[in-house]
Every structure is written in structure tokens, then in C-alpha cells.
Participant: 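Below is one structure. I have some questions about it.
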Amino acid sequence: MIHRFFFFLPALFYSMTGSSQIIWAEESTYFDLHFEPITLIAVSEQEIELSPSVTTAAGSPAFTDSLSTTFHLRYTISPVHPSAQLVHTVTLPSGLSSKWLTTPFLPASGTCTLAPSAIHNETNQFLTAAIYGHSGTAPQDGIPVTVQISLSRRQYQNLDANLHLLNLTYQCL
Amino acid sequence: MPIRLFLTFLYTLISSLLNSQSLSVNYTKPQANINETHLHPPQTAGADYASSIPMDQGAFISVQDVRSRTNWCLLAYQTEPLQGSATLKIIPDITSVPPENIGTNTPAQLLLREQPQPLFSGAGPVDQLFLSFSLENAHVSQNVNTTPIYIQYQLVEGGCPQGP
């Protein structure tokens with residue numbers, strides 16, 4: 001009888017605990033994991049070129065109807081709220097008309113759509129476009145964005161080579 | 001003779017059930033922070049979080065009221081998953097306890113899941129076993145704001161099972 005009881009005890013014990021290992025102690029814990037908001041925006045160095053870049057035999061450029069520049073935009077931005085915008089602003093000298101060209105792109109992560117290409121005329125110095133749904137990261141090689149400025153022959157001749165034509169700023173709203 | 005053996009077994013069984021082994025977990029900080037220095041490369045526009053981020057968080061584990069040379073296993077699991085594809089890794093620092101307190105099959109690290117998994121195999125009482133944490137596979141577009149990390153620790157009798 002006692003021998004039978006010896007075999008019965010471990011079985012009873014196993015059925016009581018429901019496991020082959022007894023839980024001696026258990027502790028519930030928690031700590032907070034805080035992701036700080038990130039807004040990092042960078043624009044590659046831009047260089048304005050004549051378009052089309054044609055040079056006459058005399059060494060001076062032929063008349064061109066526009067100047068254009070393409071630069072690369074990179075960003076890392078935490079999602080802030082659903083309708084957040086990344087605003088692109090180009091400041092131009094008054095009297096110049098301009099337009100900017102963009103193409104949709106796939107970000108490295110998150111979602112992003114550039115606002116449509118736009119033309120901005122005459123004296124208004126600001127050209128603004130929103131980049132919607134900007135959470136995430138842009139590709140490491142950046143997003144190509146082109147700004148094109150139309151010039152008359154007179155404007156072209158009066159251009160100061162050292163003048164900073166474009167002042168690009170980005171702001172996360 | 002069989003009766004004495006039986007009584008000894010019964011005493012051992014009951015005493016093991018009644019014995020109150022204690023487990024305590026103390027985090028070094030109430031909050032761990034992730035910021036732009038954890039991007040890869042750090043502080044770089046266009047970069048995402050590094051695939052593995054060592055966190056500014058640690059924990060000290062103490063197991064008391066255990067007989068010396070008695071084997072036990074510490075298991076851990078999370079009760080709520082992290083945002084997106086992020087996971088938490090726990091690394092026990094085996095140099096923080098004397099070698100005689102380290103049991104067999106102690107895993108090098110634990111990727112936290114919702115099922116209990118072995119974290120440390122111990123023998124006898126242990127004081128101030130240090131755990132470090134790292135964040136795996138976090139993304140800027142998925143991981144935001146403040147998230148509570150709930151971790152449940154279990155102390156079980158016997159050593160840890162052999163890992164895969």
C-alpha cells in the first residue's frame with residue numbers, strides 16, 4: 001500500500017502544479033520606453049546651372065531662358081499627427097518668376113507624397129509646397145527636387161555671380 | 001524503514017511547497033529614452049533607428065531564501081507586445097554573480113516574447129544579477145511616444161532546459 005502511495009504522490013504533485021516545474025515566485029514589472037520626437041532635415045549642396053548650358057565660341061553663354069537647380073532632400077521625422085506637413089520654401093529675388101518640379105517618391109519607411117509641381121510668377125518671393133504624410137525616413141540618397149527660374153536676357157545680364165539666388169528652408173509643421 | 005522514507009519524502013515535498021523563495025527585480029531607471037543619437041548613422045537626416053540599440057536601462061535581480069546548490073531557472077515574458085516590429089532583448093551579465101551560482105544551460109540572451117522563456121539558470125541564492133536591455137528592429141515611422149514595457153519574471157525550480 002505504501003509503495004503504491006509513493007508512486008501516486010509525484011502524479012498528484014504534477015497534477016496540482018500543472019507543470020513539470022514548480023513556480024516558486026513570480027514578479028510583474030514595468031518601465032516606460034520613451035521615443036523622443038525626431039525632426040532631422042537635410043538638403044544636399046545645390047549648384048545652379050544654366051539650362052541648356054550652351055556656350056558660344058566667344059566664351060560667353062548663349063541666351064538661356066531658365067536657370068535650374070536640382071537638390072536632394074533627406075529627412076527623418078517622427079510621426080507627429082495625421083495631418084502634419086513638411087513645408088518647402090524657396091526665397092527668390094523679386095522680379096524673377098520661377099517654378100518647381102517634383103515627382104512622387106517612395107520613402108525608405110513611412111509614407112510620403114510631394115505636392116504637385118507648381119509655377120509661381122512675378123514678385124512673390126516664396127514658393128511653398130507641402131510634403132504630406134512625412135513620417136519616417138527618406139531614402140539615404142535623398143529625394144530629387146528641382147527648382148527652375150525663368151530669366152529674361154536683361155535679368156540674366158544683371159545677375160551677380162555671387163548672389164545667392166535660392167534660399168531653401170524646410171519646416172516641419 | 002519504508003515509513004521513515006515516506007515521511008522524509010512527505011516532509012521534503014511539503015517544505016518545498018511552503019518554502020517562500022523570494023524574487024525581486026529592480027530597474028535602474030523608471031524610463032528608458034530613445035532619441036536621434038540612436039539613428040544609424042546618429043543624428044543623420046534620412047537615417048532610421050539602428051537595428052539593435054543598447055538601452056540606457058538595466059535591472060538587478062535577487063533570488064533569496066533558496067538553499068545553496070538548489071537549481072532554479074529564471075524565465076521572462078512580456079504581457080503586451082511593442083509597437084510595430086520592435087522587440088526587446090535581455091542580456092544577463094553572468095560576470096555579475098559568482099561562478100558557483102551559475103547553473104547549466106544559462107542562455108546568452110533572451111528575445112522577449114509573450115511566452116515564458118529561460119533567462120538565467122541559477123544555483124542557490126543570488127544577489128544583484130545584472131540584466132541589460134537592447135531594443136531590436138525599431139523604426140522611426142512605427143515607434144513613437146511613450147510605451148509601457150510590461151515584463152513578467154518567473155522563478156521556477158530546477159535548472160533551465162537546454163536551448164535550441
Side-chain angles (χ1 to χ4, degrees), chain A residues 1-10 12-13 16-17 19-44 72-81 86 107-112 133-143 170 172, chain B residues 2-3 5-6 9-10 13 16-17 19-27 29-36 39 43-49 55 57 59 63 66 72-73 75 79 82-83 86 88 135 138-158 161:
Chain A
M1 186 66 181
I2 288 171
H3 286 281
R4 278 187 195 170
F5 195 65
F6 267 115
F7 290 108
F8 170 71
L9 271 176
L12 176 69
F13 185 72
M16 280 169 66
T17 58
S19 160
S20 58
Q21 285 186 302
I22 306 164
I23 298 174
W24 278 344
E26 197 158 11
E27 180 139 333
S28 302
T29 68
Y30 92 93
F31 63 87
D32 285 329
L33 179 58
H34 176 59
F35 292 91
E36 294 176 15
I38 297 177
T39 306
L40 288 170
I41 303 165
V43 180
S44 64
H72 287 79
L73 168 66
R74 288 185 291 124
Y75 66 86
T76 296
I77 305 173
S78 306
V80 195
H81 52 82
L86 178 66
S109 69
T111 56
C112 195
H134 60 259
S135 67
T137 60
Q140 283 285 328
D141 54 355
I143 307 154
Y170 286 86
C172 181
Chain B
I3 293 174
L5 198 63
F6 165 69
F9 180 79
L10 203 61
L13 186 67
S16 70
L17 283 172
N19 207 353
S20 57
Q21 294 87 357
S22 72
L23 166 69
S24 70
V25 183
N26 291 305
Y27 291 108
K29 289 182 172 182
Q31 177 174 290
N33 293 305
I34 302 293
N35 54 40
E36 60 195 32
L39 297 173
Q43 295 173 315
T44 303
D48 206 344
Y49 288 129
M55 292 166 59
Q57 177 65 292
V63 174
V66 177
W72 48 267
C73 183
L75 301 105
T79 52
L82 283 175
Q83 300 164 324
L88 210 63
L135 182 66
H139 295 288
V140 171
S141 60
Q142 295 176 349
N143 300 106
V144 290
N145 302 328
T146 302
T147 311
I149 306 288
Y150 296 101
I151 304 177
Q152 193 90 0
Y153 295 89
Q154 277 184 352
L155 182 68
V156 301
E157 66 130 11

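Chain letters run A, B, ... following the sequence lines, proteins first and then strands; every chain starts at 1.
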Participant: Tell me every residue that passes side-chain contact (heavy atoms from CB on, under 4.5 Å) with B/S24, counting only those two or more places apart in sequence or in another chain.
Facilitator: B/N26, B/S62
Participant: Between B/Y153 and chain A, which part of the residue has a heavy atom less than 4.5 Å away: side chain, backbone, both or neither?
Facilitator: both
Participant: Verify, without hydrogens or angle tests, whether B/D48 (side chain) and B/V140 (backbone) share a donor-acceptor contact under 3.5 angstrom.
Facilitator: yes
Participant: Are any of the side-chain heavy atoms of A/F35 and B/Q83 separated by less than 4.5 Å?
Facilitator: yes
Participant: Are side-chain heavy atoms of B/N143 and B/I34 found at a separation under 4.5 Å?
Facilitator: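 Answer no - side chains too far apart.
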Participant: Against chain A, label B/Q57 side chain, backbone, both or neither, depending on which of its atoms sit under 4.5 Å from a heavy atom there.
Facilitator: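 Contact with chain A: side chain only.
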Participant: Heavy-atom distance under 4.5 Å to chain A: side chain of B/P148, backbone, both or neither?
Facilitator: both
Participant: Name the region of B/N145, side chain, backbone, both or neither, that has any atom closer than 4.5 Å to a heavy atom of chain A.
Facilitator: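 The backbone, not the side chain.
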